Amino acid sequence: MCGFICLWQPSGVCKKDAQMSLSAISHRGPDFSKIIYEENGNLALGHQRLSILDLSNNGNQPMKSRDEKIITIYNGEIYNYRELSREYNITLETRCDTELLTEFFSRQDIDCLNKLNGMFSGVIYSKDKKTLTLFRDRFGIKPLFYTFTKDGGFAIASEIKALLELKNVYKSPNLNVIRTFLDLSLYDHSEETFFEGIFSLEQGSYAILDLKNSKFFKKKWYSLPERISNNSNNFSESEAIEYGKYLIQECVNSNLLSDVSVGINISGGVDSSLLSSTASKKIKDLNLLTMDFGDIYSEFEWVELNKKYGNITKIDVDLDSLDLRLKKVIKMQDQPFGGITVLGYDNLYEVAKKKSIKVLLDGNGIDEIFLGYTKYNFSDKHGNLSIDGTKPNQPEIISEDLRNNSKIIDVPEFDLDIPNYRKASIQDLLYKKIPRNLRFNDLASMAHSCELRVPFLDYRLVEFGFSLPYSFLKDEIHSKKIVRKICANLVNPKVAYAKKRSVQSPQREILANEWQEKIKNIIEDGITKKRGWLDLNYVRNYYQNYITSKPNNSFPIWQILNLELWAREWFDK
């Protein structure tokens, strides 16, 4: 995994600006850094390398094809690069997937993306065609942001902060995204970001910028809804369990491809236990890392059930240090994020770096694919519910001024004849939940030069899960039924049939107690009032009720705090 920038400026790229932009994401790849200039200095292609495969200089980027007609900058891993090399008779001079991508693209152009299995985003410059091709993996695991500059240029980067280093990039809040965030608790669900004019390339998409005439167009190269509509199987339940077990093992094993140390983010639940059990068959003395908020939030008794799979490192999150970590993470995340749990992950990846663990696997995606959440029980009509079925939003906190000067960005609807519970899980996978989790985790891990992989978002497993009937996924007692049966076979029944537990953190109590003064100061601060996004009279009363009664969903309070601190970081300095 790495970081990249690409700057196109018809009047010439300022080399100092290019270097500052790339340096802003040096944490993504501290092993090698380089910028090359093309098109008479009008195009800059920069890359920060985190060496994972082929640790020699052979894997450095930007990488030219053998005929020198294309140049690649790319972030991620292609797990089937060796198989593709054999299948398409592409002789590799390195042990690096970047070489495969570069040579494969030179033969098949954009069609090669359909053959890739992995997580990836990048830019390929064609010298002959004078085009830039931007691309992103099926589910947007790897990020890619872009913007049109004030002076007619174009800029691309792995993180927004790299774009904000450029003098010719607009820097203003996106009121539509802020309104949607506060009104519906939706974010990272469209191409728009919290910064006006800075966009995130949609998952499963590519875009082409023609440098000859500045024409820009985008197109989907992968669509899960289309795949679902053409996807069905005739498995019996026992056959589905066996094939599901095979796929889980195949997906996890492919994600272990690495020339550096690999570890697992473990919580003690079904998903991470499946990861640990499967990976331990390939890796001796597997590193298992778990964050722990202590007391009633500790899941360590469940985590310890996995000690036979490797060496457990328990990271006790220091609640006293969360205040300092908050300021750091707000800048690192670039945009508002999901809550105090993200601060805990920052702590975890910090420890991983100290232990020289460069690759970590995480269990994201299983619950959306195989109906693991309580809210999928509300199948007649799906509202905007949290994973536990509670309401996360409090739209009354929005000011009249913001309502009058913004609009809501809706989640796309699918014209598919499928049950509501399936529509809900697709929306979570593609828009409502997984995209923001991927963003949080990418930025949190890469801040400490760690590559995070999500094997359960392998498209083969996703498409298989969405082909299964409801009876294979839920019964009167358990969610994700088929996965639990696989877990009972590969791990143990105690873990497999334990009650579903969300990631535990003391966010509700911290926002009501330890950070009470901080939040009240923000509510009463003239800067917050001047910004004009919140109805502060309502917010004041709402927060007072929150701290004096039994808290329900803490997210509206987190939104108030996080949004204002984010705005101060990026617009008030």
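All figures in this text were calculated on a predicted structure; none of them were measured in a lab. Heavy atoms only: backbone and side chains are in, while hydrogens, waters and symmetry mates are out.
- Qualifying salt bridge (charged side-chain N to carboxylate O under 4.0 Å, His left out) partners for D442, counting only residues two or more places apart in sequence or in other chains: R28, K142.
- For S273, the side chain to side chain donor-acceptor pair (under 3.5 Å) criterion is met by N306, not counting sequence neighbours.
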Candidate pair Y470 and Y421, rule ring-ring contact (aromatic ring centres under 6.0 Å, His included), full reasoning: CA-CA 9 Å; Y470 188 84; Y421 67 83; 4.6 Å; yes

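- The backbone N or O of P493 sits nowhere less than 3.5 Å from a side-chain atom of R484 that would complete a donor-acceptor pair.
- In this structure, Y74 contributes its side chain and G76 its backbone to a donor-acceptor pair below 3.5 Å.
- D458 is linked by a salt bridge (charged side-chain N to carboxylate O under 4.0 Å, His left out) to R460, counting only residues two or more places apart in sequence or in another chain.
- Atom NZ in K358 sits 10.0 Å away from atom CD in E451 (nearest 0.5 Å).
- A donor-acceptor contact shorter than 3.5 Å links the side chain of N75 to the backbone of C2.
- In the model, D292 has a side-chain atom that pairs as donor or acceptor with a side-chain atom of S298 under 3.5 Å.
- The aromatic rings of Y373 and Y376 are tilted relative to each other, their planes meeting at an angle between 30° and 60°.
- The aromatic rings of Y187 and F555 sit parallel, their planes meeting at an angle under 30°, below the 60° perpendicular limit.
- S449 meets the side-chain contact (heavy atoms from CB on, under 4.5 Å) test with P30, L50, K353; sequence neighbours excluded.
- Scored by the side-chain contact (heavy atoms from CB on, under 4.5 Å) test, N80 finds I78, E83, L84, N117 as partners (sequence neighbours excluded).
- At least one cation-pi condition fails for R136 and Y206: the charged atom is not both under 6.0 angstrom from the six-membered ring centre and inside a 45 degree cone around its axis.
- Side-chain atoms of Q249 and T278 include no donor-acceptor pair closer than 3.5 Å.
- In this view, Y497 and H478 satisfy the ring-ring contact (aromatic ring centres under 6.0 Å, His included) rule, not counting sequence neighbours.
- Residues passing the salt bridge (charged side-chain N to carboxylate O under 4.0 Å, His left out) test with E564, sequence neighbours excluded: R531, R568.
- Here R82 pairs with nothing under the salt bridge (charged side-chain N to carboxylate O under 4.0 Å, His left out) rule; sequence neighbours left out.
- Remark: the backbone N or O of I198 is paired with a side-chain donor or acceptor of T193 at under 3.5 angstrom.
- Atom CH2 of W533 and atom CD1 of I560 lie 13.5 Å apart (nearest 0.5 Å).
- Between the side chains of E350 and Y345, no donor N or O sits under 3.5 Å from an acceptor N or O.
- Qualifying ring-ring contact (aromatic ring centres under 6.0 Å, His included) partners for Y222, counting only residues two or more places apart in sequence or in other chains: F139.
- Under the ring-ring contact (aromatic ring centres under 6.0 Å, His included) criterion, Y243 pairs with F235, Y246, F464, not counting sequence neighbours.
- The CD1 atom of I283 sits 11.0 Å away from atom OG of S276, with the distance rounded to the nearest 0.5 Å.
- The closest side-chain donor-acceptor pair between K355 and N287, if any, does not fall under 3.5 angstrom.
- For the atom pair Q335 CD and I178 CD1, the distance stands at 10.5 Å (nearest 0.5 Å).
- The main-chain N or O of I266 is found under 3.5 Å from a side-chain atom of T290 such that the two form a donor-acceptor pair.
- Cation-pi geometry between K115 and F104 is not satisfied (NZ or CZ under 6.0 Å from the ring centre, within 45° of the ring normal).
- In terms of the side-chain contact (heavy atoms from CB on, under 4.5 Å) criterion, residue partners of S236 (sequence neighbours excluded) are, by chain and number, S238, E239.
- Between the side chain of N174 and the backbone N or O of E196, no donor-acceptor pair lies under 3.5 Å.
- Ring to ring, W566 and F181 are not that close: their centroids are 6.0 angstrom or more apart.
- Under a 4.0 Å N-O distance rule, the pair K220/E226 does not qualify as a salt bridge.
- The structure places CD1 of I340 at 8.0 Å from CG of L326, a figure rounded to the nearest 0.5 Å.
- Under the 3.5 Å distance criterion, the side-chain polar atoms of E463 are left unmatched by any main-chain donor or acceptor of I228.
- Residues passing the side chain to side chain donor-acceptor pair (under 3.5 Å) test with H448 are D346, sequence neighbours excluded.
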